[in-house]
There are 2 protein chains.
Amino acid sequence: MSGPTIYDVATAAQVATSTVSRAFSQPGRVSADTRERILAVAAELGYRPNPHARALLSGKHHTVAMVVSDITNPHYFDLIRGAELRARVSEYTLLLVNAEESPRVEWEQIQRLSPAVDGFVLAASRLPDENLQQVAAQRPVVLMSRELPGLASVVLDHVEGCRQIVAHLASLGHRDVLYLSGPRNSWMAATRWAALRAAAEQVGISARRLGPFTPKVSQGGAAADGAVNAGATAVVAHNDLLAIGVMQRLAQRGLRVPEDVSVVGFDDIFAADVCSPGLTTLGGAHVDVGRAAVELLLTAGVRAPDDQPRVLLPTELVLRASTGPCR
Amino acid sequence: MSGPTIYDVATAAQVATSTVSRAFSQPGRVSADTRERILAVAAELGYRPNPHARALLSGKHHTVAMVVSDITNPHYFDLIRGAELRARVSEYTLLLVNAEESPRVEWEQIQRLSPAVDGFVLAASRLPDENLQQVAAQRPVVLMSRELPGLASVVLDHVEGCRQIVAHLASLGHRDVLYLSGPRNSWMAATRWAALRAAAEQVGISARRLGPFTPKVSQGGAAADGAVNAGATAVVAHNDLLAIGVMQRLAQRGLRVPEDVSVVGFDDIFAADVCSPGLTTLGGAHVDVGRAAVELLLTAGVRAPDDQPRVLLPTELVLRASTGPCR
DNA sequence: CACCCCGAGGCAATGGGTTGCCACATTGTT
DNA sequence: AACAATGTGGCAACCCATTGCCTCGGGGTG
């Protein structure tokens, strides 16, 4: 069933298994021609080391698990891709796990995988702080799009990004921004609201909040109605999906974007570019977030537990047609 | 570093390791109170079996690898999700691998993972037939969106789907369809073209082909120009990304969709619903494709090599605003 | 009371690769 | 010429869970 083992190679090459093992892992430890003979035999037999057997003794699995809270959100694609790319450079396997927006599923999967991976990258984890700390006690952990003191994290600089959003809207004459908030247990939602409010205060305009909303297109209707009812001239939605839903509902109610209402999203997903009108949104190099997170994880061993880095990556406000002068 | 082992549990519960093992896997084999004691101790210690050690002896890894040719294509999301859901039901781990559109990368990753997984699900594999057969000789394989005699596969019924597309266009008065083809080595592209041509012949209209094109938005421009030059009234693009690119370019050149040209895509990705005009596209239950593929893989052991099923799932033509009466 | 059967638990081999330690041979040192 | 240093390869324990086989003791049968 399975391929040849190190024993088969050893027999065929007339050496001990230990010699075969060293021929691969410690090239200097065996003589040149012995090594050559072993490699030739191994190639001929199609030998490939069994990762399980290796992991059993060394405790190193050469595998990192990435847990995403909802794999259907297009925003994660770039994160996944970046993580995958970085993992492959080091010949690590990336195990992708979908938490289906459920903290329970997320927790169970992490517990199940814990003995089999070298660490976890958690994207927008929905777990409460205590659980994150428990995980971190077992295995190295890097958070994406979330922060927690004592844990390594990679996030886009939303403080600066929200300042850009507010400055943009203010320069268009808006005196008020309405944030359509994300889920209650989302760290991101809290962070964005705080940053928007601070930025608004700084430039002297008002900031209000509505929600929470599940950040999906389908929730955009309710969010849009709330925004209209609140008399908003500019809304900032928790993410692009929600923003697109908002725009759909506004169009349905006969309101024009951006003439009547300006709309801003977060993430710069592909659909933000093709929807109509094009969505102004706060993007960033999400591939680099994924890359940086795995990078931190792979170098986690050399850092002290109380020296966990917080990596902040720059955002980029992508201007499209959904924002315009205040009516 | 790592968690407690079965030895720790055995010591703490004053029994042999074999008894602990059996307490978990063969409940009837140990007495009720011994079992209870062991489970209590294990829970207290936070014991979880090491999957590697288990896999080493049994040869079963409880892991399937899913290889996608390009993870940035939104079309794969549902496939991934379906595969993930089905795998989790059986407590299998889904290993997601991105081939980056490179047959070489795809091949290397498969070879590397082969000793560590129970089988492969290959989504729109770019590997040549011979390589697929080699993989299948090592491990159970299920293809998605591709067929090869002798290998299990799950695909949407494109023959019927293309008939629906052609019937739809013909009923709008179109006497000609132009297929904007996908990559040269894509099985899907060949299949769609053959099905379109057959369907066109059946209803008595003409079918032409242009391409190949890399199925990305950026390639839509060239495809659109070619279509205009060919005087097409109805184009069928290899997938939604290409179709969206085509529509962007048509708009840029002042041509109206669908008044001047009707456009049809494949896959029904999220963006097809939000772009403007909405894209008529051939969708289907992609989640079920993913689900069925893993299902086949998990039951692969019980089938003879010459009895590999071809699963055909229904398509659904989603009508939106991008198709209309022939000018 | 002798014998058998059955339930319950332990011993030890197993899987595939890694690594500390030892053995042997060759070459160099005094 | 006797001995040390260095280079190569082998032996065997180890990682952790599983499982075939054995043992021991209690209850039932004749």
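Naming: A, B, ... by sequence-line order, numbering from 1 per chain.
Closest contact between the side chain of A/Thr17 and the listed nucleotides C/dA8, C/dA12, D/dA12 involves D/dA12. Side-chain proximity of B/Pro49 to D/dA17, D/dT19, C/dT18: nearest is D/dA17. Comparing D/dA17, D/dC11, C/dG10 by their closest approach to the side chain of B/Tyr47 singles out D/dA17. Here the side chain of B/Ile6 is nearest to one of D/dG10, D/dA17, C/dG9, namely D/dA17. Comparing C/dG9, C/dT18, C/dC11 against the side chain of B/Thr34 picks out C/dG9 as the nearest. Listed nucleotides C/dT19, D/dT19, C/dG16 differ in distance to A/Ser21; the shortest reach to its side chain belongs to C/dT19. The A/Arg22 side chain lies nearest to D/dG10 when the options are D/dG10, C/dG16, C/dT18. Of all nucleotides listed (D/dG9, D/dA17, C/dG16), D/dA17 comes nearest to the side chain of B/Asn50. Of the candidate nucleotides C/dG17, C/dG10, D/dT18, C/dG10 has the atom lying nearest to any side-chain atom of B/Ala16. For A/Ser31, whose side chain is taken as the heavy atoms from C-beta onward, the closest listed nucleotide among C/dG17, C/dT14, D/dG9 is D/dG9.
Taking atom NE2 on B/His62 and atom C1' on D/dT18, their separation rounds to 14 Å, with Å as the unit. One can place CD of B/Glu36 at 16 Å from C1' of C/dA8, the figure rounded to the nearest angstrom. When rounded to the nearest whole Å, the span between CD of A/Gln26 and C1' of C/dT19 equals 8 Å. We find that CG of A/Leu56 is positioned 17 Å from P of D/dA13, with the value rounded to whole Å. Distance CZ (B/Phe24) to P (D/dC16): 16 Å, rounded to an integer number of Å. The distance from atom NE2 of B/His52 to atom P of C/dT18 is 14 Å, rounded to the nearest whole Å. Distance CZ (B/Arg54) to P (C/dT14): 21 Å, rounded to an integer number of Å. Distance B/Arg37 CZ to C/dA8 C1': 12 Å, rounded to the nearest Å.
By the 30° and 60° cut-offs, the orientation of the rings of B/Phe24 relative to B/Tyr47 is tilted. Ring geometry for B/Tyr92 against B/His62 counts as parallel: the plane angle stays under 30°, on a 0 to 90° scale with 60° as the upper cut.
Inter-residue side-chain proximity for A/Val64 and A/Val117 is flagged as unmet; no heavy-atom pair is nearer than 4.5 Å.
For B/Arg29 against C/dG7, no side-chain N or O and base N or O form a donor-acceptor pair under 3.5 Å. Residue B/Thr5 places no side-chain atom within donor-acceptor reach of the base of D/dC15, judged by atom type and a 3.5 Å distance cut-off alone.
For B/Ser18 and D/dT18, the shortest distance from a side-chain N or O to OP1 or OP2 is not below 4.0 Å.
Look at A/Asp70 and B/Arg81 and you find no salt bridge, because none of the NZ, NE, NH1 or NH2 atoms lies under 4.0 Å from a carboxylate O.
Nucleic acid contact class of A/Val20 (heavy atoms, under 4.0 Å, all strands): none.
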Set out, in order, the CA-CA distance, both residues' side-chain angles and the distance that settles salt bridge (Lys or Arg N to Asp or Glu O under 4.0 Å) for A/Arg310 and A/Glu147, then state yes or no. CA-CA 8 Å; A/Arg310 272 180 65 212; A/Glu147 289 184 343; 2.9 Å; yes
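Of the inter-residue distances, the one linking B/Arg37 atom CZ with B/Gln14 atom CD reads 7.5 Å to the nearest 0.5 angstrom.
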